[in-house]
*Asks:* 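One structure is given below, represented as structure tokens, and several questions about it will come after.
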Amino acid sequence: MKKSILISQDLSCAGQVSMAIALPILGALGFNPTVLPTAILSTHTGGFGKNTYLDLSSEMEKIIAHWETVPLSFSAVYLGYLGKKPLDVLLSSIDELAADSFLLLDPVMGDHGKLYRGFDLDYVHQMQHLVQKADLITPNVTEAQLLLGKECTTGALPTTAALNLVTELNEKYKNKQILLTGIPKTNGKIGIVGIDTISQEIWQLETAKIGSSFFGTGDIFASVLLGALLHGDTLKAAARMAMQFISNTIEKNMQFNRYDSRFGLDYSLELPVLLKQLN
């Protein structure tokens with residue numbers, strides 16, 4: 001029987017981000033996805049002007065109540081962009097939803113040294129509580145600083161500072177697997193720092209930064225990462241695979257002129273390679 005994965009994040013009707021990425025990728029990787037949308041947006045929030053936003057927190061409660069009568073269970077739960085009210089709903093229900101499940105939380109709150117529009121320090125506080133429930137967290141630098149209550153910075157991050165962030169996260173949020181993602185390096189590359197909670201080994205990966213920023217790369221990374229983990233890869237191997245998948249996807253999109261920066265990347269170009277690696 002296929003492993004069942006619960007994906008809870010927003011659905012942007014246009015633009016390859018969040019649910020529009022996680023659902024097809026994890027389905028293609030051989031899993032049975034179940035979705036719990038937190039909101040519906042006309043587009044994502046970058047480059048399309050003023051988007052619509054429909055909060056689904058009240059509907060989430062009804063969906064969860066119905067699932068309890070089925071009942072449903074999941075091998076893994078993947079949480080991405082939530083929103084204020086949906087975060088409250090998940091805080092009150094995650095123990096039941098993720099019972100005996102591997103919980104991956106991408107604590108989407110901000111980037112480039114600031115919170116995303118619509119979020120405040122109360123949201124950060126609630127996210128800190130949700131992190132306590134997770135088995136693996138994948139914050140970017142800004143989100144890691146927010147989770148630690150630090151002043152947010154911008155620009156390249158020295159290796160020592162990145163290692164310190166992961167160490168402090170490990171000290172504050174015990175027994176979590178941690179990946180610090182999207183680290184802008186002083187050598188022009190982009191990096192990841194991870195920690196193995198069993199051996200306490202801290203390791204680093206890096207790759208060349210190709211082009212400018214692309215919407216949805218964090219969602220692609222988390223989806224491929226979770227798929228590789230559930231196929232039995234170690235955290236480091238899964239992170240390397242996800243990083244390489246994104247690099248190859250960007251290269252192919254640029255080579256064949258297959259992207260509009262607003263709409264995200266065409267990851268289908270690289271999926272056959274990923275499926276071969278996993279199988």
Side-chain angles (χ1 to χ4, degrees), residues 5 7 9-31 33 35 37 39-49 51 78-81 104 106-112 116 138-143 179-185 188-192 205-229 231 233 237-278:
I5 299 175
I7 306 166
Q9 51 191 242
D10 72 286
L11 173 60
S12 291
C13 297
Q16 290 294 295
V17 299
S18 56
M19 189 81 75
I21 283 176
L23 179 59
I25 287 181
L26 287 166
L29 296 185
F31 303 105
V35 300
I40 296 178
L41 289 72
S42 55
T43 68
H44 64 75
T45 57
F48 290 106
N51 61 284
Y78 165 29
L79 305 181
Y81 182 98
L104 165 59
D106 184 6
V108 180
M109 295 184 289
D111 202 359
H112 305 297
Y116 290 137
T138 58
N140 61 31
V141 173
T142 297
E143 290 155 354
L179 289 181
L180 182 63
T181 64
I183 305 168
K185 307 284 286 186
K189 296 186 177 183
I190 191 164
I192 295 172
L205 301 172
E206 64 177 36
T207 188
K209 182 174 175 58
I210 306 170
S212 57
S213 297
F214 296 90
F215 290 109
T217 52
D219 304 310
I220 294 174
F221 178 87
S223 300
V224 175
L225 175 77
L226 180 58
L229 288 171
H231 273 277
D233 282 314
R240 181 183 287 111
M241 187 177 296
M243 175 182 275
Q244 191 61 54
F245 180 85
I246 292 172
S247 293
N248 292 347
T249 295
I250 293 173
E251 286 182 351
K252 287 183 178 179
N253 275 251
M254 297 181 74
Q255 178 183 352
F256 298 111
N257 196 25
R258 292 282 292 274
Y259 73 95
D260 177 330
S261 60
R262 295 178 304 163
F263 287 94
L265 295 164
D266 180 0
Y267 55 82
S268 67
L269 297 167
E270 189 64 15
L271 269 179
V273 177
L274 179 63
L275 288 170
K276 187 175 181 180
Q277 288 176 317
L278 291 175

*Asks:* Within this structure, what is the CD1-CG distance for the pair Ile25 and Leu274, rounded to the nearest 0.5 Å?
*Replies:*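 The distance works out to 8.0 Å.
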
*Asks:* Could you tell me which non-hydrogen atom of Leu278 sits nearest to which non-hydrogen atom of Ala228, and how far apart they are?
*Replies:*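 Where Leu278 meets Ala228 most closely, the heavy atoms are CD2-CA, 4.0 Å.
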
*Asks:* Judged by atom type as modelled, is there a donor-acceptor pair below 3.5 Å linking the side chain of Asn140 to the main-chain atoms of Gly110?
*Replies:*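 Checked: pair present.
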
*Asks:* Leu23 and Pro33: which non-hydrogen atoms are nearest, and at how many Å?
*Replies:*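 Residues Leu23 and Pro33, closest heavy atoms: CD1-CB, 3.5 Å.
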
*Asks:* Between Val273 and Lys252, is there a side-chain heavy-atom distance shorter than 4.5 Å?
*Replies:*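 Counting from C-beta outward, Lys252 and Val273 do come under 4.5 Å.
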
*Asks:* I want to check something: taking the side chain as every heavy atom from C-beta on, are Leu29 and Ser223 in contact at a cut-off of under 4.5 Å?
*Replies:*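 A side-chain contact under 4.5 Å is absent here.
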
*Asks:* Would you say that Leu269 contacts Asn248 through its side chain, given a criterion of any heavy-atom pair below 4.5 Å between the two side chains?
*Replies:*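 Not touching, per the 4.5 Å side-chain cut-off.
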
*Asks:* Are any side-chain N or O atoms of Ser18 and backbone N or O atoms of Gln9, one a donor and one an acceptor, separated by less than 3.5 Å?
*Replies:*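 The answer is no, because no donor-acceptor pair under 3.5 Å joins these two groups.
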
*Asks:* Working to the nearest 0.5 Å, report the span between CG of Asp266 and CG of Asn253.
*Replies:*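 Result: 5.5 Å between the selected atoms.
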
*Asks:* Return the minimal non-hydrogen interatomic distance between Ala20 and Tyr267, and the atom names on each side.
*Replies:*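 Scanning both residues, the minimum pair turns out to be O-OH, 3.8 Å.
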
*Asks:* Could you tell me whether a side-chain N or O of His44 sits under 3.5 Å from a main-chain N or O of Phe263, the two making a donor and an acceptor?
*Replies:*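 No, the answer is negative, given that no donor and acceptor are paired below the 3.5 Å cut-off.
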
*Asks:* Minimum heavy-atom separation for Val141 to Pro184, with atom names?
*Replies:*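 Scanning both residues, the minimum pair turns out to be CG2-CD, 4.2 Å.
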
*Asks:* Going through the distances and angles, do Val108 and Glu143 end up as a side-chain contact (heavy atoms from CB on, under 4.5 Å)?
*Replies:* CA-CA 7 Å; Val108 180; Glu143 290 155 354; 4.3 Å; yes

*Asks:* For the CG atom of Leu179 and the CG atom of Asp106, what is their distance to the nearest 0.5 Å?
*Replies:*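 If we round to the nearest 0.5 Å, Leu179:CG and Asp106:CG are 10.0 Å apart.
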
*Asks:* Just so I know, are the side chains of Leu271 and Phe245 near enough to count as touching, which here means a heavy-atom distance under 4.5 Å?
*Replies:*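 When only atoms from C-beta onward are counted, Phe245 and Leu271 do touch, with a gap below 4.5 Å.
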
*Asks:* Quick one: are Tyr78 and Leu26 in side-chain contact, heavy atoms under 4.5 Å?
*Replies:*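 Contact flag for Tyr78/Leu26 side chains = yes.
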
*Asks:* Can you tell me how far CD1 of Ile246 sits from CG of Leu265, rounded to the nearest 0.5 angstrom?
*Replies:*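 Atom-to-atom, Leu265:CG and Ile246:CD1 are 8.5 Å apart.
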
*Asks:* If you round to the nearest 0.5 Å, how far is OH of Tyr81 from CG of Leu11?
*Replies:*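 Result: 13.0 Å between the selected atoms.
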
*Asks:* With rounding to the nearest 0.5 angstrom, report the OG1 to NZ distance, Thr207 to Lys189.
*Replies:*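 With rounding to 0.5 Å, OG1 (Thr207) is 7.5 Å from NZ (Lys189).
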
*Asks:* Going by heavy atoms in the side chains, are Tyr116 and Thr45 under 4.5 Å from each other?
*Replies:*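 Not in contact.
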
*Asks:* Hey, does Arg240 have a side-chain heavy atom less than 4.5 Å from the side chain of Asp233?
*Replies:*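 Not touching, per the 4.5 Å side-chain cut-off.
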
*Asks:* List the atom of Leu104, the atom of Ala222, and the distance in Å for their closest heavy-atom pair.
*Replies:*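 The answer is CD2-O, 3.8 Å.
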
*Asks:* Taking C-beta and beyond as the side chain, do Ile220 and Gln16 meet within less than 4.5 Å on heavy atoms?
*Replies:*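 No. Closest side-chain heavy atoms not under 4.5 Å.
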
*Asks:* Any side-chain to backbone donor/acceptor pair from Thr181 onto Ile192? Under 3.5 Å, distance only.
*Replies:*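 Pair absent, no side-chain N/O of Thr181 close to backbone of Ile192.
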
*Asks:* Aromatic rings His231 and Phe31: how do their planes relate, parallel, tilted or perpendicular, breaks at 30° and 60°?
*Replies:*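 Perpendicular, since the angle between the ring planes exceeds 60°.
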
